[in-house]
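Values below: all heavy atoms of this structure, side chains included; hydrogens, waters and symmetry mates excluded. Residues take their numbers from the sequence shown, with the count starting at 1.
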Amino acid sequence: MHDDANGGGERAASPGPASEVEQPGLLALERELTVLLRRARASQGEMARAVHPDLEPSAYGLLVRLDECGRQRATELAAYIGVGKATMSRQLRALEELGLVGREPDPADGRAWLVALTEEGRQRVSRVREARRARYAGRLADWDPAEITELARLLHQLNRGMEK
């Protein structure tokens with residue numbers, strides 16, 4: 001499950017002594033992640049509108065997942081995004097109506113369906129993702145490439161830790 005700025009609804013384990021949670025590093029991490037997540041939410045809305053004017057911001061991550069991983073069952077997508085079946089069904093229906101995804105029978109299980117980007121969906125998502133990477137390249141132009149790689153590694157590590 002991927003968390004939002006408010007912890008994604010998951011309860012954290014009881015913190016240890018106050019001195020542990022008030023470490024300057026943790027305070028700085030909290031502050032910087034709050035700013036980053038606020039900006040990411042705003043950016044996600046912009047990217048969603050760039051894919052399609054009627055696309056809900058929350059559905060953008062679903063399109064990116066399909067772009068990166070290919071066709072998947074709705075239950076896999078729901079588990080990855082961290083939503084229930086009803087929410088996933090609603091989002092997929094909306095994406096189908098926009099012509100961005102389609103469903104096809106799962107050859108491994110005739111009762112199940114696989115969801116995939118349509119060609120139009122793939123083109124739209126690719127165009128937006130390329131533009132976003134170009135923005136990152138511009139904003140991080142003065143960074144050492146090793147620092148960018150290290151930041152990506154640390155964010156991956158953080159995301160993995162949040163899944164526990």
Side-chain angles (χ1 to χ4, degrees), residues 1-12 30 32-141 143 148-149 151-164:
M1 180 162 151
H2 294 270
D3 291 347
D4 62 15
N6 297 319
E10 290 184 22
R11 294 228 156 193
E30 176 193 21
E32 297 304 326
L33 281 176
T34 299
V35 171
L36 178 66
L37 292 171
R38 186 178 328 114
R39 288 180 179 160
R41 264 195 306 279
S43 177
Q44 186 171 354
E46 292 170 14
M47 291 180 292
R49 285 186 299 280
V51 170
H52 193 286
D54 297 328
L55 183 64
E56 291 182 27
S58 61
Y60 178 78
L62 182 57
L63 295 175
V64 169
R65 178 70 175 184
L66 289 169
D67 188 42
E68 290 180 347
C69 299
R71 59 190 192 166
Q72 295 184 23
R73 288 184 179 186
T75 53
E76 293 172 314
L77 292 168
Y80 176 77
I81 301 292
V83 298
K85 274 176 58 174
T87 300
M88 183 55 55
S89 292
R90 182 185 59 76
Q91 283 189 335
L92 291 176
R93 220 174 8 262
L95 291 172
E96 281 182 293
E97 290 171 6
L98 295 175
L100 301 174
V101 302
R103 297 182 203 218
E104 57 190 61
D106 184 344
D109 180 354
R111 300 166 298 166
W113 293 85
L114 295 174
V115 179
L117 290 174
T118 61
E119 188 53 37
E120 179 182 355
R122 186 176 330 288
Q123 289 174 5
R124 287 175 177 248
V125 170
S126 292
R127 187 173 54 246
V128 171
R129 293 185 77 196
E130 285 175 26
R132 181 172 63 173
R133 285 191 303 272
R135 257 195 334 262
Y136 289 158
R139 290 179 178 163
L140 301 176
W143 283 43
I148 296 170
T149 300
L151 176 60
R153 186 190 70 75
L154 291 170
L155 287 171
H156 178 77
Q157 184 176 337
L158 176 64
N159 285 327
R160 288 288 169 239
M162 296 294 194
E163 290 177 356
K164 295 177 183 175

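In this structure, OG1 in Thr87 is found 12.0 Å from NZ in Lys85, a value given to the nearest 0.5 Å. One distance of note links CD1 of Ile148 with CZ of Arg153; it measures 15.0 Å at 0.5 Å rounding. Within the model, atoms OG of Ser43 and CZ of Arg39 stand 11.0 Å from one another, a figure rounded to the nearest 0.5 Å. Note: Gln72 CD to Arg65 CZ = 5.0 Å, rounded to the nearest 0.5 Å. Taking CH2 of Trp143 as the start and CG of Leu151 as the end, the distance is 5.0 Å to the nearest 0.5 Å.
Thr118 places no side-chain N or O within 3.5 Å of a backbone atom of Gly102 that could act as its donor or acceptor partner. Formation of a donor-acceptor pair under 3.5 Å by the Glu120 side chain with backbone atoms of Leu100 is not found in this model. Judged purely by atom type and a 3.5 angstrom limit, Arg49 uses its side chain to pair as donor or acceptor with the backbone of Gly45. Panel note: side chain Asn159, backbone Leu155; a donor-acceptor pair is recorded below 3.5 Å.
Between Arg90 and Glu56 a salt bridge is recorded (basic side-chain N to carboxylate O distance below 4.0 Å). Ion pair Arg41/Glu46 not flagged as a salt bridge, since none of the NZ, NE, NH1 or NH2 atoms sits closer than 4.0 Å to an Asp/Glu carboxylate oxygen. Salt bridge status for Arg71 with Asp106: absent, with no side-chain N to carboxylate O gap under 4.0 Å. Remark: Arg93 does not engage Glu97 in a salt bridge, criterion side-chain N to carboxylate O under 4.0 Å.
Two residues are said to be in side-chain contact when any heavy atoms from C-beta on lie closer than 4.5 Å; Leu55 and Leu63 meet this criterion. Arg73 is not listed as a side-chain neighbour of Val115, based on a closest heavy-atom distance of 4.5 Å or more.
In this model, no donor atom of one side chain and acceptor atom of the other lie less than 3.5 Å apart for Gln123 and Arg127.
The 12-atom threshold is exceeded at CZ of Arg133, counting heavy atoms of other residues, nucleotides or ligands nearer than 6.0 Å.
For the pair Thr34 and Glu30, the tightest heavy-atom approach, listed with the atom from each and the gap, is OG1-O, 2.8 Å.
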